[in-house]
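We number each residue from 1, following the sequence as shown. Heavy atoms only: backbone and side chains are in, while hydrogens, waters and symmetry mates are out.
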Amino acid sequence: MTALGFLYPGHSAEDDYPRIEQLLGSDIRVDLVHTDVGVDAHRADALRADVLREMGSPERLEAGLRDLRLSGAEAVVWACTSGSFVHGWEGAHEQVRSLARAAGMPASSTSFAFVHALQEIEVRRIAVGATYPDDVTALFVDFLRTGGAEVTGVRSSGITAAAEAGAWGEAELFALARGADTPDAQALLLPDTALHTIAHIPALEKELGKPVLTANQVTVWEGLRLADRRVNAPELGALFTREPIVQV
């Protein structure tokens, strides 16, 4: 049994995680601990007030670790994109280093999960469909570019609260994906962990004709990478088809 730990801010799309665990179809356990979010916002004024930075502060993440230690997790991922990339490339690295020291296990975040997933599928040219306001999306784009990506298209939706993104259905999700995609993009990224995406990845990839990377999807993949586990699970998208179907 491989146990993976995830620190998830608040309550929005956390039901994606038991769905992922089921689709993995292996001896993998996904343990989720909810962390305090304070003010639920992606707003520019929230950024100026350091709300997103505070959401991923060492104190809040370490509070969540107490429960994860009891789960026997082998690796932990901070399951929040905006709460990691808002610190910038170096700040996000320090965030996960601090998390690893506190947890006593390998650690990462959703922002780095996107960078590593792009390396896994050998893609550089990407489009980004974000629920965030423009200025928050721009910080994510800067983060990806620092990580080596070429961003060919960007679409922002101006959502200011995770609860609003969590209420989106299939129609809104597909409209965002279509609006963000560009012909020259090799993959599409949907970066919000508050957005329900897991049930729709195969259909999105079929419609767009390219890999689709979503926040909760890459977060769990990152946990598997940290635990040195490789799983073939086509229902989780092209990212999970890099390994042979036969598993040991």
Tell me yes or no: between the side chains of T2 and R229, is some donor less than 3.5 Å from an acceptor? yes
On a heavy-atom basis, which atom in I126 and which in A185 lie closest, and how many Å separate them? C-CB, 3.9 Å
Value for CG (L173) from NE2 (H200), rounded to nearest 0.5 Å, stands at 6.0 Å
Residue pairs, two or more places apart or on separate chains, that pass salt bridge (Lys or Arg N to Asp or Glu O under 4.0 Å) and touch residues 66-86: none
Look at the side chain of S157 and the backbone N and O of A130, then say whether any donor-acceptor pair between them is shorter than 3.5 Å. yes
Applying salt bridge (charged side-chain N to carboxylate O under 4.0 Å, His left out) to R101 and E94, what does each step give before you reach the verdict? CA-CA 10 Å; R101 287 193 299 269; E94 179 53 38; 3.1 Å; yes
Can a donor-acceptor pair be found, under 3.5 Å and without considering hydrogens, that links the side chain of Y132 to the backbone of A138? no
Non-neighbouring partners of R29 that pass side-chain contact (heavy atoms from CB on, under 4.5 Å), sequence neighbours left out: M1, A3, E21, D31, S71
Partners passing salt bridge (charged side-chain N to carboxylate O under 4.0 Å, His left out) against E122 (at least two apart in sequence or in another chain): R242
Could you go through the side-chain contact (heavy atoms from CB on, under 4.5 Å) check for L224 and I28 one step at a time? CA-CA 9 Å; L224 290 166; I28 295 167; 3.4 Å; yes
Contact list for residues 135-189, test ring pair (Phe, Tyr, Trp, His ring centres under 6.0 Å), sequence neighbours left out: F85-F140, W89-F143, F112-F143, F114-F140
More than 12 heavy atoms from other groups under 6.0 Å of CD on Q119: yes
Would you check if L189 and V151 make a side-chain contact, meaning some heavy-atom pair closer than 4.5 Å? no
Separation between CD of E222 and CG of L4, rounded to the nearest 0.5 Å: 11.0 Å
Is there a donor-acceptor pair under 3.5 Å between the side chain of S98 and the backbone N or O of Q95? no
Rounded distance [0.5 Å steps], CG in L188 versus CZ in R178: 11.5 Å
Between L24 and F240, is any pair of side-chain heavy atoms under 4.5 Å apart? yes
Non-hydrogen atoms of Q217 and L236 that approach each other most closely: NE2-O, 2.7 Å
Locate the shortest heavy-atom distance separating P191 from A215; write the atom from each residue and the value. O-CB, 3.3 Å
Suppose we screen for salt bridge (charged side-chain N to carboxylate O under 4.0 Å, His left out). Which residues come up paired with E14, at least two apart in sequence or across chains? none
Where does the angle between the aromatic ring planes of H34 and Y8 fall among parallel (under 30°), tilted (30 to 60°) and perpendicular (over 60°)? perpendicular
Minimal heavy-atom distance between A117 and L239, with the atoms involved, is CB-CD1, 3.9 Å
Step by step, work out the side-chain contact (heavy atoms from CB on, under 4.5 Å) result for L190 and V128. CA-CA 6 Å; L190 300 170; V128 174; over 6 Å; no
So, applying side chain to side chain donor-acceptor pair (under 3.5 Å) with D192, which one of T214, T81, T131, N216 is it? T131
Note, V77 side chain near L7 side chain (heavy atom, < 4.5 Å): no
Would E150 and R145 satisfy salt bridge (charged side-chain N to carboxylate O under 4.0 Å, His left out), going step by step from the backbone distance to the final call? CA-CA 6 Å; E150 177 186 344; R145 286 174 172 153; over 6 Å; no
With side-chain hydrogen bond (donor to acceptor under 3.5 Å, both in side chains) as the test, would you mind laying out the steps for D16 and H196 before giving the verdict? CA-CA 6 Å; D16 266 0; H196 290 89; 5.1 Å; no
Would you say the side-chain atoms of K210 pair up with the backbone N or O of E205, donor to acceptor, closer than 3.5 Å? no
Starting at CG of L144, measure out to CG of L139 and round the result to the nearest 0.5 Å. 11.0 Å
If the condition is salt bridge (charged side-chain N to carboxylate O under 4.0 Å, His left out), which residues does R124 pass it with, not counting sequence neighbours? none
So E120 and R230, salt bridge (charged side-chain N to carboxylate O under 4.0 Å, His left out) or not? Walk me through it. CA-CA 12 Å; E120 173 74 7; R230 313 287 289 187; 2.5 Å; yes
Rounded to the nearest 0.5 Å, what separates atom CD in E235 from atom CD1 in I201? 10.0 Å
Run the side-chain contact (heavy atoms from CB on, under 4.5 Å) test on T35 and W78 for me, step by step, so that the C-alpha distance in whole Å, both residues' side-chain angles and the decisive distance to 0.1 Å come before the verdict. CA-CA 10 Å; T35 62; W78 168 223; 3.5 Å; yes
Measuring from L195:CG to E172:CD, what's the distance to the nearest 0.5 Å? 9.5 Å
Test T197 against L204 for side-chain contact (heavy atoms from CB on, under 4.5 Å), laying out the working first. CA-CA 9 Å; T197 60; L204 282 167; 5.6 Å; no
Under the 3.5 angstrom rule, does the side chain of T152 hit a backbone N or O of R125 as a donor-acceptor pair? no
Derivation and outcome, salt bridge (charged side-chain N to carboxylate O under 4.0 Å, His left out), residues D181 and R155: CA-CA 8 Å; D181 190 32; R155 176 78 173 260; over 6 Å; no
Search all heavy atoms of D134 against all heavy atoms of S156 and return the closest pair with its distance. OD1-CB, 3.0 Å
Could you pull out the closest heavy-atom pair between A163 and S12, with the gap in Å? N-OG, 3.9 Å
Check whether any side-chain heavy atom of L208 sits under 4.5 Å from a side-chain heavy atom of V212, and report yes or no. yes
Do the side-chain N and O atoms of T219 and T110 include a donor-acceptor pair separated by under 3.5 angstrom? yes
